[in-house]
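Given the structure is predicted, the values throughout are model-derived calculations rather than measurements. Naming: A, B, ... by sequence-line order, numbering from 1 per chain.
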Amino acid sequence: MAVDKKFIGKKYPPFVYEIGKEKIREYAKSIGDMNPLYHDDAAGADKYGGIIAPPTFAVVYANGPVGAMLFDKELALNLMMLVHGEQEFEFGEVVRPGDIITTDGEIADIYDKKGKDFVSFSSVSKNQNGAVVCKARWTFVIRG
Amino acid sequence: MAKIDEINPGQEFPPQSNPVGKYQPIYYAGSSGDFNPIHIDPEFGKMAGLGGNILQGLCTMAFCAKAMTDLAGDPGRLKMLRVRFAKPVYPLDKVEVKGQVASKDGGRIEVELGAWTKNGETQVISNAAAIIE
């Protein structure tokens, strides 16, 4: 069942996430990244004033709107047949513990290619100072 | 000086190997919040026609990001990362990330990369690029 193109442009409510130091450490450890900048306040003290988040920590703070889309009953995506097709992140300011990140997101495109449905979602995350920390494009494929 | 600054366009960067433990998709589910059953439940993965549970694509992308931030020295230098999830990664796979510096323009470095499993036989990340500044 094809995904209805009328949902292109559908926006989801902003998602607010407060960055926690231990969550950064937990996430970094789970991807096997023991870079001291993600674990040890002393390592980043001079440049960043303490630990920073790995760039792909964006999946944690920015996943609210895209998650809302995936479970959107109106859109009714077949999650069993859905796989992640492509992902793009543009990174702005570095993310640090205590940052309050707000992410807005909308369905950027719905199209079919080689008999498969593609749903592409765009999100923009900004910190408490209004600076962009991450722009993301999430593309999902509904198999067969 | 970070490694990336010493690599000329056309030259490969040092590859990185990432072993995927049997429970890696579960650890990653806990840290990322992605508990889609195709990642954490082998039976569900089979039912979905995937032959078992598969690693979250974003975890494989994180392996690519690690290769880039290790090259850059300062993770804040990574300005863009783009990947295509070409094939699934399974528990007990080993994900090898490799590639080359594509171009250098002033302080902007473009990197082309990919990721492979099965000793290089299966490309799991394709069409991937990064920008380091």
- prompt: Of all heavy-atom pairs between D74(B) and Y48(A), which one has the smallest distance, and what is that distance?
  reply: OD1-OH, 2.7 Å
message: For K47(A), which atoms come within 4.5 Å of any heavy atom of chain B: side chain, backbone, both, or neither?
response: side chain
query: Taking atom OH of Y27(B) as the centre, does the number of heavy atoms from other residues, nucleotides or ligands within less than 6.0 Å exceed 12?
result: no
query: Is K87(B) atom NZ crowded by more than 12 heavy atoms from other residues, nucleotides or ligands, each under 6.0 Å away?
result: no
- request: Drop me the distance from S31(B)'s OG to R25(A)'s CZ, to the nearest 0.5 angstrom.
  value: 15.5 Å
field: Neighbour count above 12 (heavy atom, 6.0 Å) for D46(A) CG
entry: no
query: So how far is it from M80(B) CE to F91(A) CZ, rounded to the nearest 0.5 Å?
result: 9.5 Å
field: From CD (E88(A)) to CE (M61(B)), nearest 0.5 Å
entry: 8.0 Å
Within 6.0 Å of NZ in K29(A), more than 12 heavy atoms from elsewhere: no
message: Rounded at 0.5 Å granularity, tell me how far OG in S32(B) sits from CD1 in I31(A).
response: 10.5 Å
- prompt: Crowded around E12(B) CD? As in, over 12 foreign heavy atoms under 6.0 Å?
  reply: no
message: As an exercise, state the distance from NZ of K66(B) to OH of Y38(A), rounded to the nearest 0.5 Å.
response: 9.0 Å
Neighbour count above 12 (heavy atom, 6.0 Å) for K23(A) NZ: yes
field: Per-residue contact mode, F57(A) against chain B (heavy atom under 4.5 angstrom)
entry: neither
field: Nearest heavy atoms of G73(B) and L37(A), plus distance in Å
entry: O-CD1, 4.3 Å
query: Do I38(B) and I142(A) share a hydrophobic cluster (ILVMFWY, side-chain heavy atoms under 4.5 Å, transitive)?
result: no
- request: Using non-hydrogen atoms and a 4.5 Å limit, figure out which bit of N63(A) sits close to chain B: side chain, backbone, both or neither.
  value: side chain
Side-chain donor or acceptor of Q24(B) paired with backbone N/O of S30(A) under 3.5 Å: yes
- request: Against chain B, work out which of E90(A), H84(A), R137(A), M80(A) has the most heavy-atom pairs shorter than 4.5 Å and name it.
  value: H84(A)
query: Is the count of non-hydrogen atoms from other residues, nucleotides or ligands lying under 6.0 Å from N119(B) atom CG greater than 12?
result: no
query: Which answer fits L82(A), side chain, backbone, both or neither, if we ask what part of it has an atom under 4.5 Å from a heavy atom of chain B?
result: backbone
field: Hydrophobic cluster membership, F15(A) vs V66(A), 4.5 Å side-chain cutoff
entry: yes
- line: Between T56(A) and A65(B) the two heavy atoms that sit nearest each other are CG2-CB, 3.5 Å
message: Heavy-atom cut-off 4.5 Å, strictly under: side chain, backbone, both or neither for L78(B) against chain A?
response: both
- request: Measure the CG-CG distance between L70(A) and N36(B) for me, rounded to the nearest 0.5 Å.
  value: 8.5 Å
- prompt: What part of P54(A) is in contact with chain B, defined as an atom under 4.5 angstrom from a non-hydrogen atom: side chain, backbone, both or neither?
  reply: neither
field: Exceeds 12 heavy-atom contacts within 6.0 angstrom, atom CZ of F35(B)
entry: yes
